[in-house]
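Just below is one structure, and these are the notes that go with it.
Residue numbering restarts at 1 for every chain, and letters A, B, ... go by the order of the sequence lines. These numbers come from the heavy atoms of this one structure, side chains and all, not from hydrogens, waters or symmetry mates.
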Number of protein chains: 2
Amino acid sequence: MEEKFKLENQLCFRLYTASRLITQAYYPILSKFGLTYPQYLALLVLWEKDERPVNDIARRLMLETNTVTPLLKRMEAEGVVTRGQGKKDARQMIVKLTKKGRELQKKLTDVPETVGKAVLCESVTPETVPGLFGMLDDIIKQLKQQ
Amino acid sequence: MEEKFKLENQLCFRLYTASRLITQAYYPILSKFGLTYPQYLALLVLWEKDERPVNDIARRLMLETNTVTPLLKRMEAEGVVTRGQGKKDARQMIVKLTKKGRELQKKLTDVPETVGKAVLCESVTPETVPGLFGMLDDIIKQLKQQ
DNA sequence: GTTGTTTATATCGTTCACGATACAAATATA
DNA sequence: TATATTTGTATCGTGAACGATATAAACAAC
């Protein structure tokens with residue numbers, strides 16, 4: 001078996017597994033509020049700036065609209081957001097937080113810290129995290145422009 | 001907007017995005033051979049050691065059998081593996097590479113290097129990758145034991 | 001203004017992930 | 001040897017991701 005094909009030598013497998021496991025770490029908290037992790041991401045984006053077109057949210061999350069549209073529809077069904085046609089541009093679907101959606105921010109106030117703490121370990125500390133962020137950002141930037 | 005809720009401060013979002021984008025980088029190559037990225041991972045595991053039960057493959061990939069079973073069935077339908085009842089333990093489903101499955105290794109010989117090169121950038125180099133691997137491994141280990 | 005192109009969103013089909021659950025074989029216990 | 005428990009795999013339902021495609025509004029060129 002060649003080295004290059006070993007699972008231990010794959011960056012992608014590590015990213016894929018780390019991503020899956022950390023996403024799982026969110027679920028015990030998020031599911032109490034009927035949210036999934038991608039829906040939580042959409043909330044982060046909307047808390048940042050409300051009343052955005054679908055396109056805007058998709059771009060921020062680096063996802064396609066065919067992923068984001070059904071996600072937002074499920075959030076609408078849950079009463080977390082409303083979706084209405086844009087006035088300036090009738091093609092745009094403007095997504096807006098409901099009262100419930102805004103109030104979720106207070107209810108989820110402990111989530112970032114809880115998950116943040118769960119990840120801390122020997123080589124991942126407040127000191128080393130910026131370096132990790134930098135590398136991941138570089139990878140994302142590199143892959144985006146291809 | 002509080003700092004802790006900003007997308008820029010989320011480790012998970014970075015891992016999620018980096019994982020998605022690097023997985024996408026595999027597709028132009030893998031799709032030529034009718035493979036998806038998770039199927040490629042299953043092949044890596046089988047090339048490492050052939051004739052393994054489903055459970056063994058799932059554990060190696062840190063996935064549940066309810067994810068791996070349908071994946072292997074699709075690979076069986078593609079003629080890449082066979083699945084047969086174990087002799088020692090009739091509950092086990094032994095997965096075995098076909099000739100086509102074994103030969104794919106030669107055909108995909110350039111894949112690890114191609115994808116590896118696509119990721120290289122300022123902060124991710126042969127020198128810094130081991131450090132990144134270490135941090136991701138620590139995160140995975142940390143989250144696994146919770 | 002008619003025609004052509006771009007843009008914003010949505011629909012459809014396929015493949016993952018994964019919780020919940022089912023079921024039969026294997027093993028342990030009484 | 002019956003009965004209970006564990007183990008290995010599979011089934012089902014839901015929610016992503018994403019390529020391909022559709023549709024309508026906006027915009028451009030003529």
Between [options], spot the one nearest the side chain of [X], thanks.
{"X": "L63(A)", "options": "dA10(C), dG15(D), dC18(D)", "answer": "dC18(D)"}
{"X": "T36(A)", "options": "dG15(D), dT7(C), dT6(D)", "answer": "dG15(D)"}
{"X": "K73(A)", "options": "dT11(C), dA25(D), dA17(D)", "answer": "dT11(C)"}
{"X": "Q39(A)", "options": "dA25(C), dC16(C), dA16(D)", "answer": "dA16(D)"}
{"X": "Q24(A)", "options": "dA16(D), dC16(C), dC18(C)", "answer": "dC18(C)"}
{"X": "M93(A)", "options": "dT9(C), dG19(C), dC16(C)", "answer": "dT9(C)"}
{"X": "N55(B)", "options": "dC16(C), dT9(D), dA8(C)", "answer": "dT9(D)"}

Contact class for [X] (heavy atom, under 4.0 Å): base, sugar-phosphate, or nothing?
{"X": "P70(A)", "answer": "nothing"}
{"X": "T65(A)", "answer": "base"}
{"X": "R83(A)", "answer": "sugar-phosphate"}
{"X": "E64(A)", "answer": "nothing"}

>> Do the side chains of E2(B) and K4(B) get close enough for a salt bridge, i.e. N-O under 4.0 angstrom?
In response: yes
> Any ion pair linking E103(B) and K107(B) (charged N to carboxylate O, less than 4.0 Å)?
Replying inline: no
Rounded interatomic separation in angstrom, taking [atom1] from [X] and [atom2] from [N]:
{"X": "M75(A)", "N": "dG15(D)", "atom1": "CE", "atom2": "C1'", "value": "13 Å"}
{"X": "L71(B)", "N": "dT11(D)", "atom1": "CG", "atom2": "C1'", "value": "16 Å"}
{"X": "E78(B)", "N": "dT14(C)", "atom1": "CD", "atom2": "C1'", "value": "12 Å"}
{"X": "K87(A)", "N": "dA26(D)", "atom1": "NZ", "atom2": "P", "value": "15 Å"}
{"X": "L72(B)", "N": "dT11(D)", "atom1": "CG", "atom2": "P", "value": "13 Å"}
{"X": "I22(A)", "N": "dC18(C)", "atom1": "CD1", "atom2": "C1'", "value": "18 Å"}

>> Distance criterion of 3.5 Å, no angle test: do you see the side chain of R91(A) paired donor-to-acceptor with the base of dA8(C)?
In response: no
> Could a donor-acceptor pair under 3.5 angstrom be found where the side chain of N66(A) meets the base of dG19(D)?
Replying inline: yes
> Does the D50(A) side chain pair with the main chain of L97(A), one donor and one acceptor, at a distance under 3.5 Å?
Replying inline: yes
>> Do I139(A) and L132(B) make a side-chain contact, defined as non-hydrogen atoms from C-beta onward lying under 4.5 Å apart?
In response: yes
> Does the separation of the ring centres of Y40(A) and Y26(A) fall below 6.0 angstrom?
Replying inline: yes
> Does dC18(C) have OP1 or OP2 sitting under 4.0 Å from an N or O in the side chain of R20(A)?
Replying inline: yes
